[in-house]
Amino acid sequence: MFAVRSLVGLVLSGVLLVAGCSSPAPPPPVPSAAARVSSVPAPVSSSVARVPVTVVLDPGHNGGNARRPDVINAPVPAGRGETKPCNTTGTATDRGYAEHAFNWDVAQRVGSLLEAQGVRVVYTRADDTGVGPCVNERAAIGNRAGAAAVVSIHADGATSAGARGFHVAYSAPPLNAAQGAPSVELAEAVRSGLLAGGFPLSNYLGSDGLAPRDDLAGLNLSERPAVLVECGNMRNAAEAAAMSSVDGRARYAAAIASGVLAFLREHAGF
Ligand code: ZN
């Protein structure tokens, strides 16, 4: 769960970055006449190898965060010149099923489904009992992996029990090219996956299941297409029941994985 902050006062000038490309490669040398004559076209393979694609899955929070407030409350860079606490504990259902456990379980299921399709999956944390990592480190993991898509998985803790449904957040205004159209396309693909899986659009946050945000550090600091999925409201009885069940988590995971795969196929050459 995150508080929405206003965009008022945001000054973009000076912080807009070009997508993280290195300097362009030099043009290839012009072959000599002899080389041109002797060159033989490469054989055309009937089976084209898939482009290797990496997806970074970021299960929000961590099971050990509550015991180390000294670590998770330390301020870290959050993008746009702001700082934020390293991490937070997350929310829970009224019956005590913790968000970090839900996020972890769903992320593992999404990862298995993606790996079964040949996607390389990198997680931002190794288990559900540790502390952190900080939000800026989570973004750095996606950047270092050169991820085709970064998906943070969360569940919300809206105070109104009537609040329900999912929304997908992306960084806006974008701070680099990856946060522009690619992140919006990823958000739309994940939204489509969740809709097709039978999950309702949020009735309390965002618009049509999408939420442009300027205050989420992991999105602000990403140099790769990145979204944050709030799967639903853990304080809503029906959604809490779904999230607390193995079947419900499997359905969330299948829907998210289907959206990510659609994005990879349409936009990442997968
Ligand atoms: Zn969360």
Side-chain angles (χ1 to χ4, degrees), residues 1-2 4 7 16 19-20 51 53-60 79 103 106-107 109-111 113-114 117-119 121 124 138-139 142-143 145-156 158 163-233 239 242 251-270:
M1 55 186 296
F2 296 94
V4 179
L7 291 175
L16 276 170
V51 177
V53 161
T54 299
V55 168
V56 167
L57 296 176
D58 173 35
N103 300 338
V106 171
R109 294 174 188 276
V110 172
L113 292 168
L114 295 180
Q117 298 298 315
V119 176
V121 176
T124 57
R138 291 175 191 245
N143 296 342
V150 179
V151 181
S152 292
I153 296 170
H154 286 254
D156 209 356
R164 67 192 286 261
F166 74 85
H167 65 273
V168 187
Y170 59 92
S171 173
L175 297 171
N176 55 48
Q179 291 179 17
S183 291
V184 176
E185 289 159 356
L186 177 59
E188 290 171 344
V190 172
R191 174 181 63 178
S192 294
L194 284 162
L195 278 174
F199 296 101
L201 298 170
S202 171
N203 66 0
Y204 68 99
L205 210 158
S207 171
D208 249 358
L210 298 182
R213 298 276 294 262
D214 70 347
D215 61 318
L216 299 180
L219 301 181
N220 285 343
L221 297 172
S222 183
E223 297 162 3
R224 312 300 306 170
V227 297
L228 185 152
V229 187
E230 291 279 13
C231 291
N233 177 16
E239 294 194 321
R251 289 196 302 112
Y252 276 111
I256 293 169
S258 136
V260 172
L261 285 167
F263 170 81
L264 295 178
R265 289 175 180 135
E266 289 170 34
H267 301 288
F270 181 64

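Under the 30°/60° scheme for interplanar angles, the aromatic rings of H167 and Y204 are found to stand perpendicular.
Of all non-hydrogen atoms in A155 and N103, the two that sit nearest each other are N-OD1, 3.5 Å. Residues V150 and A147 come closest through the heavy atom pair CG2-CB, 3.8 Å. Closest of all the heavy-atom pairs between A189 and F263 is CB-CB, 3.8 Å. Between G193 and S258, the shortest heavy-atom distance links the atoms CA-OG, 4.1 Å. Summarising the geometry of Y252 relative to A242, their closest heavy-atom pair is CE1-CB, 4.5 Å, with the distance given to 0.1 Å. Here the shortest heavy-atom pairing between V56 and G142 reads CG2-CA, 3.8 Å.
Side chains of Q117 and R265 form a contact here, defined as non-hydrogen atoms less than 4.5 Å apart. With contacts defined as side-chain heavy-atom distances shorter than 4.5 Å, the pair S152/V229 does not qualify. L195 is listed as a side-chain neighbour of L201, based on a closest heavy-atom distance under 4.5 Å. C231 has its side chain within reach of I256: a pair of non-hydrogen atoms, C-beta onward, lies under 4.5 Å apart.
With sequence neighbours excluded, the residues satisfying side-chain contact (heavy atoms from CB on, under 4.5 Å) with A139 are L221. With sequence neighbours excluded, the residues satisfying side-chain contact (heavy atoms from CB on, under 4.5 Å) with A254 are L113. Taking A169 as the reference, A211, R213, L216, L219, L228 meet the side-chain contact (heavy atoms from CB on, under 4.5 Å) condition, with sequence neighbours excluded.
For the 3.5 Å distance criterion, the side chains of H154 and E230 fail to qualify, holding no donor opposite an acceptor.
Panel note: side chain N233, backbone A158; a donor-acceptor pair is recorded below 3.5 Å. Of the possible donor and acceptor atoms, one in the side chain of N220 sits under 3.5 Å from a partner among the backbone N and O of D214. Under a 3.5 Å cut-off, the side chain of R191 and the backbone N or O of D208 do form a donor-acceptor pair.
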